[in-house]
Every structure is written in C-alpha cells, then in structure tokens.
Undergrad: 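If you scroll down you'll find the structure; I have some questions about it.
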Amino acid sequence: MAFNVGIVILSDTCFKDKSQDKTIPALQGSISAFNTQQASDNQYTITRTTILPDKEDEIQNIISSWTKLSADGKSQLDLILTCGGTGFTQHDVTPEAIKPLLQKEAPGIVHAMMSSSLQKTPFAIMSRPVAGVINKSLVITLPGSPRGAKENLESIIKTLPHALLQIGNKDARGLHQKLNRTLNDASPGGVPLLESGSGHGGQHHHHHDHDHNHGHSHGNGIDKVTGRIGCGIARHKLISNDLDAPVTQRARDSPYPIISLEESFSLIKQHTPEPTVIEMSITDPLLTGSYVADDYYAPKMVPNFRASIVDGYAVVSSDGSGTYPVVSVSHASSLSKESHLQPGAIARVTTGAPVPQGADAVVMVEESELISMTDDKSEEKEVKILAVGVQPNDNIREIGSDLKKGELILRKGDKISESGGEVGLLASVGINTVKVYRKPTIGVLSTGDELRDVSNSSDGQLRYGEIYDSNRPTLISTICNTGYQSVDFGIASDQPDSLAELLKQALEKSDYLITTGGVSMGEKDLLKPTIERVLGGVIHFGRVRMKPGKPTTFATVEYNGKSKVIFALPGNPASASVCYHLFVLPSLMKFQGAPLRSNGSLPGFPRISVKLSSDCKLDPKRPEFQRVVISQNLISGDIIAESTGFQRSSNIGSFKGANGFVCLPASCDIGGLKFLKRGESVEAILIGLLAFSE
Ligand SMILES: Nc1nc2c(c(=O)[nH]1)N[C@H]1C(S)=C(S)[C@@H](COP(=O)(O)OP(=O)(O)OC[C@H]3O[C@@H](n4cnc5c(N)ncnc54)[C@H](O)[C@@H]3O)O[C@H]1N2
Ligand code: MOO
Ligand SMILES: [Mg+2]
C-alpha cells in the first residue's frame, strides 16, 4: 500500500520561473531513498505537485481542495507537504494560512523536526512550522530550502506511516493486520518480525519503538535463496497489489521531476557501473571496439634482424656498380642462417630476408643484369649491379627500426579499432592476449499488448489495434552496429506479473536492460513502478526536458550481487532510437572503459557544428533532436544538415538515411525565438559517416 503525497512549493520566485525549484527533486530524492531502503509497509508516492506564490488565500484554496473527501469518505492524498513561507519576513504566511484549517494539531511532529534542525543549526529557531490533520490528510509545513525541507522530512519520515494509518484514510486495521501477516510470512524460520501481541489488541498504540526493519533482510536487495528481488516475499506480494491498483487511483501528475539534459548526463555518468578488466585473445572477433586496460610495451625489437625491404642483391655499397659473383642466397624463412659477405661479392636476398653481415645495402633485382649461370642453368653465377650511387642502409630495415624494445605500443584507454592496427601491433611483438574492459551484454525487450512480433507474422494480418514491434529489431540492429552484443527477450505484455517475470529473466542474463514502452502516464505504463517496487531498483531519472524522449527512465538495480543498468525508453519509435544514441550508448561506452571527453563529459558520438539547410521551428519548451542528413559540400566546404522529413516521435521513418541529429534549443531557452533560420549554425551529433554533396 502506498501513501499518496502532495507537495506544494510556496515561493514567489519559483512561481514566476518553475525551473528554479530544486525542492521537489530534493524531496523526491528523500522519498525514493526511503522507499527503497525500508520494508514494504512504508511506501510513499508523490502524486501531486504544484508551485504557488506566497499568498494566504491561494495556499488555503489549494489545501482545502487537496484535503477534500470524495463521496466514499476518502482523501486522495494521505500526506501534504508545503515547502516555504515559514520564516519571519512579511512574505512568510504559510503557518498563518494553514493553522486555521487544522482540525487536529500535531505538535509532536513540529517538535521532532525542530529538535532535529536545531542539532544542525541554531537558525532553526527562525522556522515556524505547523502540522496537523485536515479531514483525512496530514499536512506538514517544511522550510523552503531544498536542504532544510529534506532534512526536516527525513527526521520524521520513518514514523509518519503510523500517523497516516491512524488518521484513517486507509482501512488502517485491515492494512496493519495485512502488514503483520505478510512480514511474518517473510521472516526467517517463521519468527514474527513484527509484534502483534495481545497487548495491542488490534489497536494502534505504538508505545514501543519499532521501525519495521529490525535488522532483518526484508529491505532492498535480493534473497539469495529464492532469487527474488526487492523486499522478499512480503514486499513482492504487497507491491503487486499496488501495481494492480485501479485506474482511479493513478497519479495525475508524474512524480518524476523533469530534469535537464545536463542533469541526465551527469546522473548517467555517476551511476554507470565501473569497468571490469578481462583478458581476451587478440584473435577474438569480439575484441574490436574494446578499450585497453593496461599499458603495453614492445618486449622485443621489430625487426629483430636486419631485413631486406626488396627482392634483389645485398651489396657492400662502397663496391659501386659492376659485375660480382653471387656467393650466397638469403630467403625470408625460418631456416635462415647467419652469413657474412665480403667486399667484391653479392648475396641474393628476398624481401623480408636477413641481410648478411658485411653487406650494408640492397639493390633491387630490376637494377641488375644476369651475366652468367651454373652449368645446369638453375643458379645465378655472376650478376651485374647497374645501380649507381648506392648508399649505406639503402633498402634495409635496421634492427628495431619499426619498434624498439621497451617502446610503449598501446596505452591504457586506447581503443582496439576497426582498422585492426592495434591487434597487428600486439601480434608483431608476440603478445597474443590483451587486457581490456569488458563489454556489456545488453538485453532488449519491448513492452505492450498491442505489439506483434514481425518475425512470427507470416500471415501479414494485424488485428484491430495491433502494430508491429519495430523498436526491438531497430535497437538490436543499432546495438550490433555500435559494437555490442544484444540478447533478444521478446515482447512483454502489459500485465504486472508477467512483465516483472520477464524483466527478472532478462536481468539474470544481461548487464544492461533496454526496454521500450510503458514509461509514461497511462494505466498500462508499468515500467517505473515495477522497477522501483518489484525489482527494488533506484530510478535516477524518469523524465527529461527533451523532444522526443521525455519519459526516458534510467535506473540501476542490484541483482545477484551485481549492479545492473536499466534504460526504460519511451515506446514511440523515434524517441526510443534517439534515446539509445543520446543516453544509452554513452553509458555503454563508459561501462566498457572508454575515456571521458576532454571536458570530463561522457564519451559518445562526435558533436559538430552544422548549418541548417532550411528554417526550423523550435519547440516552445523542450530542446529537440531532429533527425538529419549531415553532408559536407565539396565546393564550399560547409557542413550542412538537412531534415529527414516528418519528425513526429511515432515516425521511425525519420531515421531512414539519417546520420545525425541537430540539437535545437527550446524557444523558452533563447528568449522566445520561434524559428532558427536557414544557414544558422547549430550543434549536431554525428551518428554515422559524414556524407558529401556538390
Ligand atoms: N498524459 C501523458 N501522456 C503521454 C505523455 C505525457 O507526458 N503525459 N508523454 C508522451 C510522450 S512524450 C511519449 S514519448 C509517450 C511514451 O509512451 P510510453 O513510453 O509509455 O510508451 P507506450 O505508451 O507503451 O507507447 C507509446 C507509443 O509507441 C508505440 N510503441 C510502443 N512500443 C512499440 C514498439 N516496440 N514498436 C513500435 N511502436 C511501439 C505504442 O503503440 C504507442 O503508440 O507517451 C506520451 N503520452
Ligand atoms: O518525448 Mo515523446 O518521445 O516526444 O513523443
Ligand atoms: Mg504509455
């Protein structure tokens, strides 16, 4: 059972510019941390947020509306937190607005927050919090600063569920019995984890201090025996009830704050697991694209004997041109023997063969003439050297002239590139295995009851409402083209249990899990709650201010003692693909040890400046990534971006032929400008090869 939370930010500044608010994200953080760390009975969901000016009547209106009871006597919000307006200035009117509305005051909550704050700062005396019950909601006034609000909430959050149960918005008695039963079910050896002794008699007099943790392992994590994720059996049962909640109980505002692109990249950088080192054979085809995990030095000289660069004759250069006896032969062969050449004689050599000692140059066979042969005509006896001006070292690769022993050949962080050069370099000095950072395995699955698997659609018929699953084939192909291996986990239905089951199977076999669909606001959009509540994962962000891709979700889950990454991408096909290139790939690259960019940001595709080939309309609020063909004009040298056409996020056709995205600013970020003009320069991300035009 989740407790629904509403947050009201009271600040004239944030009311004018909502992006200034940092308090909602701060409280969201405290609540997520609490949810994932605690037992199953204390789950909070932020279902409403709003930002208002410091006006007494506006505050009273919102609180009255949010605490109103429905026909069946329930309130939609169990807990309402206001932030701000509790100080001493003229603007600070929150306590004055709320106090007259309270039907029961809660001085204990006020006291707990004050005493905790006073331990941190004596200035806590400047806060004038009030708390109490209005109808069936508990209302608490927190300070306005993100830190103050967070600290105050954290000082009471553990005990609030008891208060919320007593207020009676839920069927407290039934719920608490259920909590006791399920937690007891989950306890090792059947030992009750919660006391439900006769002394309580089903009443809720919690004189003893229990925080429902009791040091047992029904917190966040994996049960090693059953392999269940999250809070063990008890949590699993409770949570699936939650996921089955009727649509009437869904949140009407997303509890996930919309964060900026910069913040999303920084969270990905922060939470991508550290690279791990493995040793791979240099002949393993999967080595290409790996990053080297150690410095490598040449253990020997290359070449390690003086070698001829051409087919011809080893000579003593000071002998000059003229006719000489051919006294020995040196082939490029493992049977080569060391030999010595005296002045006045020459030795036949092939390309790559050892040059006899005493010889200091090689003359090409084209610059010679046969003078005499042996009687059986099988061997050269005398050859005339026609070349003039032969210099010492001509056509000879000296020992160590390609690589000196001890020379650094590969540096930690170097990429084993598609050219094969790095593999060749290692082989040339006799190194046959190399330490690299392990590449992740990526599980891919689509979600949605409307999806048909295109590989099993021989009849070509779609039922009304059905569509082909295009995201999975697209992602699997892109993942492969960007150098990674994927595992196809098919299509998950929009049923909580089967979705969770498939996610668990996929996590078992993957380092990364990429899902598409089910991350927005529909009642069948189950990914976020499943990740948090069933898998016990932490959602680092659930919405980003961008187009397409707004509900992109990035989470990590501890599974079987390993940290796994989940990117739950939006279902719209163009959104899913943009988000793979923009978010997933940089994380995969960091996971496999690719160095950060020089400015410390995540690795990824090159970002270049391009000129727009036509006027571009800007989205009013969201920076937009439009798919384009980027080409260099061979005459002017200009790099031009041309739109691939219709850019709606449902249209995967906008990726056809695309080799990049232009990053268009939101109109609101550039003073309300509605268009960028043809010829203007913008930043673009090059995801393929640069094209050329005339
Ligand atoms: N009330 C709101 N509705 C929506 C919002 C919002 O903020 N409030 N956001 C919109 C945005 S932006 C996006 S993007 C989508 C994201 O939706 P979901 O990630 O929940 O994805 P679905 O609802 O499952 O599907 C969306 C769309 O994509 C089609 N789809 C899904 N999977 C596939 C697939 N594998 N291959 C091809 N097409 C797929 C699906 O049929 C839907 O048409 O939400 C908006 N709504
Ligand atoms: O963000 Mo959605 O991906 O615009 O359609
Ligand atoms: Mg949806």
Side-chain angles (χ1 to χ4, degrees), residues 47-49 247 250-261 264 443-457 462-479 486 488-496 499 502 513-531 539 541-555 566-584 617-627 646-655 661 664 666:
T47 54
R48 274 189 215 174
T49 59
V247 64
R250 74 161 153 187
R252 290 196 173 263
D253 287 312
S254 171
Y256 299 91
I258 295 202
I259 64 167
S260 68
L261 282 156
S264 63
V444 181
L445 64 87
S446 294
T447 70
D449 285 339
E450 76 278 34
L451 300 179
R452 275 284 287 276
D453 189 338
V454 72
S455 358
N456 306 330
S457 298
L462 286 178
R463 281 194 230 129
Y464 183 67
E466 276 186 340
I467 59 163
Y468 289 116
D469 171 11
S470 63
N471 288 347
R472 211 163 29 102
T474 310
L475 284 171
I476 288 172
S477 132
T478 317
I479 289 168
S486 62
D488 182 355
F489 287 97
I491 299 172
S493 85
D494 292 327
Q495 294 300 316
L499 171 67
L502 193 58
L513 183 54
I514 305 180
T515 66
T516 60
V519 286
S520 194
M521 295 295 291
E523 66 268 34
K524 297 277 187 184
D525 290 337
L526 299 174
L527 256 292
K528 284 167 163 134
T530 305
I531 291 170
I539 292 186
F541 62 79
R543 286 194 301 164
V544 183
R545 191 165 72 93
M546 65 183 291
K547 181 179 174 181
K550 186 171 76 166
T552 300
T553 299
F554 168 61
I566 303 179
F567 277 98
L569 306 181
N572 276 320
S575 317
S577 276
V578 164
C579 293
Y580 174 80
H581 290 93
L582 205 63
F583 296 126
V584 184
K617 188 168 184 292
L618 302 178
D619 186 89
K621 290 189 185 148
R622 292 187 278 166
E624 185 172 358
F625 296 86
Q626 290 203 358
R627 282 70 72 199
F646 187 42
Q647 294 287 317
R648 192 164 62 198
S649 60
S650 56
N651 182 21
I652 190 62
S654 61
F655 262 88
F661 314 126
L664 301 174

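For ligands, and for the atoms within them, numbers begin at 1 and follow the listed sequence. Basis for what follows: all heavy atoms, side chains included, without hydrogens, waters or symmetry-related copies. All values reported here derive from a predicted model rather than from experimental measurement.
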Undergrad: Specify the protein heavy atom at minimum distance from atom 10 (C) of ligand 1: its residue, its atom name, and the distance to 0.1 Å.
TA: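 Closest protein heavy atom to atom 10 (C) of ligand 1: Ser520 OG, 4.0 Å.
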Undergrad: May I ask whether Arg472 has any heavy atom positioned less than 4.0 angstrom from an atom of ligand 1?
TA: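 Distance cut 4.0 Å: Arg472 fails for ligand 1.
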Undergrad: Less than 4.5 Å apart, any side-chain heavy atom of Arg472 and any of Ser486?
TA: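 No, every pair of side-chain atoms sits at 4.5 Å or beyond.
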Undergrad: Which atoms of ligand 2 are found less than 4.0 Å from any heavy atom of Ser575?
TA: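 Ligand 2 atoms under the 4.0 Å threshold to Ser575: 2 (Mo), 3 (O), 5 (O).
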Undergrad: Checking a contact table here: which protein heavy atom is nearest atom 5 (O) of ligand 2, and how many Å away?
TA: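 For this ligand atom, the closest protein heavy atom is Ser649 OG, 2.5 Å.
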Undergrad: Per the side chain to side chain contact (heavy atoms under 4.5 Å, CB included) rule, which among Ser575, Ser520, Cys579, Ser254 passes with Pro551?
TA: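 Answer to the side chain to side chain contact (heavy atoms under 4.5 Å, CB included) test with Pro551 among Ser575, Ser520, Cys579, Ser254: Ser520.
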Undergrad: What are the atoms of ligand 2, with element, lying closer than 4.0 Å to any heavy atom of Asn572?
TA: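 In order of numbering, the contacting atoms are 5 (O).
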Undergrad: If I apply the N/O under 3.5 Å rule, does Arg622 come out as touching ligand 1?
TA: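 By distance alone, the answer is no.
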Undergrad: Quick one: which ligand 2 atoms are inside 4.0 Å of a heavy atom on Lys550?
TA: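 Answer, ordered by atom number: 1 (O), 3 (O).
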Undergrad: side-chain contact (heavy atoms from CB on, under 4.5 Å) for Thr516 and Thr447? Distances and angles first, verdict last.
TA: CA-CA 6 Å; Thr516 60; Thr447 70; 5.8 Å; no
Undergrad: Can you measure from OG (Ser446) to CG (Asp453) and round to the nearest 0.5 angstrom?
TA: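 Answer rounded to 0.5 Å: 8.5 Å.
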Undergrad: Which atom names give the shortest non-hydrogen contact between Phe489 and Leu502, and what distance separates them?
TA: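 So the two residues come closest at O-CD2, 3.4 Å.
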Undergrad: Would you say the side-chain atoms of Lys528 pair up with the backbone N or O of Gly542, donor to acceptor, closer than 3.5 Å?
TA: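 Checked: pair present.
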Undergrad: Consider ligand 1: state whether an atom of it lies below 4.0 angstrom from any non-hydrogen atom of Pro573.
TA: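 For ligand 1, residue contact (heavy atoms, under 4.0 Å) with Pro573 is present.
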Undergrad: Identify, by atom number and element, the atoms of ligand 1 in contact range of Tyr468, meaning under 4.0 Å from any of its heavy atoms.
TA: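 So the atoms of ligand 1 that pass are 36 (N), 37 (C).
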Undergrad: Would you mind reporting whether Arg627 and Gln647 have side-chain heavy atoms less than 4.5 Å apart?
TA: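 Of all side-chain heavy-atom pairs linking Arg627 with Gln647, at least one is under 4.5 Å.
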Undergrad: Determine the minimum heavy-atom distance between Leu569 and Ile514, stating which atoms define it.
TA: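 Answer, listing the atom of Leu569 first, then Ile514: CD1-CG2, 3.7 Å.
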Undergrad: With atoms numbered from 1 as shown, which atoms in ligand 1 lie under 4.0 angstrom from a non-hydrogen atom of Gly517?
TA: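 Those atoms are 19 (O), 21 (O), 24 (O).
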Undergrad: May I ask whether Ser649 places a heavy atom under 4.0 Å from ligand 1?
TA: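 Under 4.0 Å: no for Ser649.
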Undergrad: Considering heavy atoms of the protein only, find what lies nearest to atom 15 (C) of ligand 1 and give residue, atom and distance to 0.1 Å.
TA: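 Going atom by atom, the protein heavy atom closest to atom 15 (C) of ligand 1 ends up being Asn572 ND2, 3.7 Å.
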Undergrad: How far is atom 41 (O) of ligand 1 from its nearest protein heavy atom, and which residue and atom is that?
TA: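 The closest heavy atom on the protein side is Glu450 OE2, 2.6 Å.
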Undergrad: Among all protein heavy atoms in this structure, tell me which lies nearest to atom 24 (O) of ligand 1, with the distance rounded to 0.1 Å.
TA: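 Among all protein heavy atoms, the one nearest atom 24 (O) of ligand 1 is Gly518 N, 3.1 Å.
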Undergrad: Where on Ile491 is there a heavy atom closer than 4.0 Å to ligand 1, on the side chain, on the backbone, on both, or on neither?
TA: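 Within the 4.0 Å criterion, Ile491 makes no contact with ligand 1.
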Undergrad: Quick one: does any side-chain atom of Asp469 pair with a main-chain N or O of Asn471 as donor and acceptor, under 3.5 Å?
TA: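 Yes, because the side chain of Asp469 sits within donor-acceptor range (under 3.5 Å) of the backbone of Asn471.
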Undergrad: Would you say Leu445 and Leu513 make side-chain contact, with heavy atoms under 4.5 Å?
TA: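 Sidechains of Leu513 and Leu445: in contact.
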Undergrad: Answer yes or no for Pro551: is there a heavy-atom contact with ligand 1 below 4.0 Å?
TA: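 Right, Pro551 reaches ligand 1.
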Undergrad: Donor-acceptor pair, Arg48 side chain versus Arg252 backbone, under 3.5 Å?
TA: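 Here the side-chain-to-backbone pair does not exist.
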Undergrad: Only heavy atoms of Pro548, strictly under 4.0 Å: list the atoms of ligand 2 that pass.
TA: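 Close to Pro548: 1 (O), 3 (O), 4 (O).
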Undergrad: Among protein heavy atoms, which lies nearest atom 38 (N) of ligand 1, and at what distance?
TA: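 Result: Ile467 CD1, 3.3 Å.
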Undergrad: Got Ile258 and Arg622 here, is their nearest side-chain heavy-atom distance under 4.5 Å?
TA: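 No, every pair of side-chain atoms sits at 4.5 Å or beyond.
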Undergrad: Kindly give the heavy-atom pair with the smallest separation between Asp494 and Leu526, and that separation in Å.
TA: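 So the minimum-distance heavy-atom pair works out to O-CD1, 3.4 Å.
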Undergrad: Checking a contact table here: which protein heavy atom is nearest atom 4 (O) of ligand 2, and how many Å away?
TA: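 Here the closest protein heavy atom is Arg622 NH1, 3.2 Å.
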Undergrad: May I ask you to identify the nearest protein heavy atom to atom 25 (O) of ligand 1, giving residue, atom name and distance to one decimal place in Å?
TA: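 Sorting protein heavy atoms by distance from atom 25 (O) of ligand 1 puts Gly571 CA, 3.9 Å first.
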Undergrad: Name the option, out of Arg252, Glu466, Met521, that contains the heavy atom nearest to atom 1 (N) of ligand 1.
TA: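 Going through Arg252, Glu466, Met521 one by one, Met521 has the nearest heavy atom to atom 1 (N) of ligand 1.
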Undergrad: Of all the non-hydrogen atoms in the protein, which one sits nearest to atom 7 (O) of ligand 1, and at what distance?
TA: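 The closest heavy atom on the protein side is Lys550 NZ, 2.9 Å.
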Undergrad: Are the side chain of Asp619 and the backbone of Glu624 linked by a donor-acceptor contact shorter than 3.5 Å?
TA: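 No.
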Undergrad: Which ligand 1 atoms, with their elements, are less than 4.0 angstrom from a heavy-atom of Ser446?
TA: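 This gives 35 (N) as the contact atoms.
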Undergrad: Give me the residue, atom name and distance of the protein heavy atom closest to atom 23 (O) of ligand 1.
TA: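 The answer is Asp525 OD1, 3.6 Å.
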Undergrad: What orientation do His581 and Phe655 show, parallel under 30°, tilted 30 to 60°, or perpendicular over 60°?
TA: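 His581 vs Phe655 ring planes: parallel.
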Undergrad: Does Pro548 have a non-hydrogen atom less than 4.0 Å from ligand 1?
TA: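 No, Pro548 has no heavy atom closer than 4.0 Å to ligand 1.
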Undergrad: Among all protein heavy atoms, pick out the one at the shortest distance from atom 2 (Mo) of ligand 2; state its residue, atom name and that distance to 0.1 Å.
TA: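 Residue, atom and distance for the closest contact: Gly549 N, 3.6 Å.
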